[in-house]
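Some notes on the structure that comes next.
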Amino acid sequence: MNVRRSAAVLAAGITVTVIAATPAVAAGPSPSPSVAIPTGLYGTSDPTYDGVWRQSLALLAQDAVGVQPADEAVAWLAGQQCADGAFAAFRADPGKACDAKVKVDTNSTAVAVQALSTLTVSYDAQVAKAVKWLKSVENADGGWGYSPGGASDANSTAVVIGALADAGVTVPNVRKDGKSPYDALQKLALPCDSDADAGAFAYQPDKNGKLFANADATAAAVLGMSGQSVAGSRQDDADSPAECEKPGADPEQSAINGAAWLAKAMVKDGHLTSALPGAKPQPDYGNTADAIVALSSLGLHAQAAKPLRWLETHAKSWAAQGGPAAYAQLVFVATTAKGADVHDFGGQDLVTLLNATGPTPADIEEPVTAGPEEKTASDDNDGSLNVAWTVGGALLAVAIAGFVLVARNRKRGRQQ
């Protein structure tokens, strides 16, 4: 979705071993945030673990529907960046220099790059610094973990791919020890002889090196492998794959295999299901949204139709609780899925609801005047950063009270 996945990844130390083992939901409103809500930030819940993530998703969703974000919203996000280019989930005092106590991460950095890359004003310098940092923490297998140096996972690798692509980087050329980000994702794909889970992606191998299908990781990896970021992009109708095919060196085939698995996982109920240990299985709204974006971004609209109808009917309460990140995920669904209407999604205008969670967009009040100067034609050819892609969603995953954040972007990024 992106978003993907951011999307989103699980917090360090948590491994998913069952389909959608943790519900991919946005952080819900908190009656008493432990920190003050800064001016310009979307949402009213405590931003400690998701401030940059939800802000970036909100800006990406506004871009998807042609809304120009408020100056203060963009300024808040850009101001979260550390001097070395990285982003943490949230910095309460951005005026204070980042030190070892500031826990920067790949997901926050990547999704911020995706958001800043969409703006009509130039943030090339900030994007270039972030991309440089992301490249500096690439693992030897070609992927990324949530924290710098952590073991590679599908969600983190996918959301970074989306960021690189959106920034203009040719992703296959971003290599560490000869390995590309696509190599890292492919290692997490279950082979075609894996029975019911053929083509799915694991979040990470378990302690014995075994791969288990994970819906969140699969949705993120589909966008990553197809050269898209968390918001996805609506594509023309495509034929559904008859069966899982060995991808070889083609990342697009791996994306198709993963999408086919997602479609099968939702064919019965029209949604994905979370299964936390000791808890009763329940519908997984966030991962269902991400899966729809993944399917639609490959043109598999027939397979996305039933989950789309289900989400339109059932997501109202979930989105109201989740706030800007959840509304952004639904915007990504409505702008990629065939037959969806962002202004009438289950009777709701998602654009109005999203905008209401933060500062009034600039084009509703007045043109943007703050921030870096507007780009000109010459700016695009003066040697400023040429960057390209991938994410995904995710995505940032924060396991707080059993919840994981997700999401996705919509630009095609894998260079030919």
Side-chain angles (χ1 to χ4, degrees), residues 1-8 23-30 37 40-47 49-70 73-74 76-77 111 114-115 118 219 229-232 271 283-293 296 307-308 310-337 340-361 363-364 393-396 398 403-410:
M1 281 234 239
N2 25 11
V3 58
R4 262 239 70 169
R5 228 314 130 290
S6 81
V25 298
S30 170
I37 304 299
L41 177 63
Y42 277 80
T44 58
S45 63
D46 188 334
Y49 300 101
D50 78 330
V52 166
W53 185 262
R54 77 192 193 207
Q55 189 80 349
S56 298
L57 261 62
L59 299 186
L60 285 166
Q62 289 181 330
D63 175 72
V65 294
V67 170
Q68 188 176 4
V74 176
W76 183 87
L77 179 61
V111 77
Q114 292 183 24
T118 68
S229 46
V230 295
H271 62 80
D284 190 332
Y285 300 92
N287 277 341
T288 298
D290 293 341
I292 294 170
V293 172
S296 301
L308 172 63
W310 180 87
L311 198 64
E312 286 179 319
T313 303
H314 294 87
K316 183 175 182 179
S317 296
W318 168 77
Q321 180 184 16
Y327 284 126
Q329 285 181 264
L330 294 183
V331 168
F332 300 153
V333 169
T335 53
T336 59
D341 185 347
V342 73
H343 296 294
D344 185 12
F345 193 87
Q348 299 188 102
D349 187 328
L350 298 177
V351 178
T352 298
L353 291 169
L354 172 64
N355 290 345
T357 66
T360 304
D363 50 359
I364 292 179
L395 264 244
L396 163 62
V398 185
F403 291 111
V404 180
L405 291 169
V406 237
R408 318 225 171 298
N409 186 318
R410 72 189 198 299

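As a basis for the values below, the full set of heavy atoms in this structure was taken, side chains included, without hydrogen atoms, waters or symmetry mates.
- Residues A58 and A328 come closest through the heavy atom pair N-CB, 4.2 Å.
- Once rounded to the nearest 0.5 Å, the distance linking CZ of F345 with CG of L350 reads 6.0 Å.
- Using modelled atom types, one finds no donor on one side chain facing an acceptor on the other under 3.5 Å when comparing Q321 with Y285.
- Residue N287 holds its CG atom at 8.5 Å from CD of Q329, rounded to the nearest 0.5 Å.
- In this structure, P283 and W318 have side chains that are not in contact, with every pair of non-hydrogen atoms separated by 4.5 Å or more.
- Between V74 and P69 the shortest heavy-atom distance is CG2-CG, 3.7 Å.
- L57 and A325 get closest at one heavy-atom pair: CD2-O, 4.0 Å.
- F332 places none of its side-chain heavy atoms less than 4.5 Å from the side chain of D290.
- Interatomic distance, NE2 of H271 versus NE2 of H314, reported as 7.5 Å (0.5 Å rounding).
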Let's go through T335 and V65 carefully: what are the C-alpha distance in whole Å and the side-chain angles of both, what is the deciding distance for side-chain contact (heavy atoms from CB on, under 4.5 Å) to 0.1 Å, and is it a yes or a no? CA-CA 8 Å; T335 53; V65 294; 3.9 Å; yes
Could you check Y42 against Q62 for side chain to side chain donor-acceptor pair (under 3.5 Å), going step by step and ending with a plain yes or no? CA-CA 12 Å; Y42 277 80; Q62 289 181 330; 2.9 Å; yes
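- Between I37 and S45, the closest heavy-atom pair is CD1-O, 3.3 Å.
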Would you sort out whether Y327 and N355 count as a side-chain contact (heavy atoms from CB on, under 4.5 Å), showing the intermediate values? CA-CA 9 Å; Y327 284 126; N355 290 345; over 6 Å; no
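- Rounded to the nearest 0.5 angstrom, L311 CG and K316 NZ are separated by 14.0 Å.
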V351 and V67: CA distance, side-chain angles, deciding distance, side-chain contact (heavy atoms from CB on, under 4.5 Å) verdict: CA-CA 9 Å; V351 178; V67 170; 4.0 Å; yes
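- Neither side chain, R54 nor T357, offers a donor N or O lying under 3.5 Å from an acceptor on the other.
- Using a 4.5 Å heavy-atom threshold, the side chains of W76 and V52 count as touching.
- In this structure, I292 CD1 and T336 OG1 are separated by 8.0 Å, a value rounded to the nearest 0.5 Å.
- In this structure, T118 contributes its side chain and A115 its backbone to a donor-acceptor pair below 3.5 Å.
- In this structure, Q55 contributes its side chain and A73 its backbone to a donor-acceptor pair below 3.5 Å.
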What's the verdict on side-chain contact (heavy atoms from CB on, under 4.5 Å) for L41 and L77, showing C-alpha distance, side-chain angles and the deciding distance? CA-CA 8 Å; L41 177 63; L77 179 61; over 6 Å; no
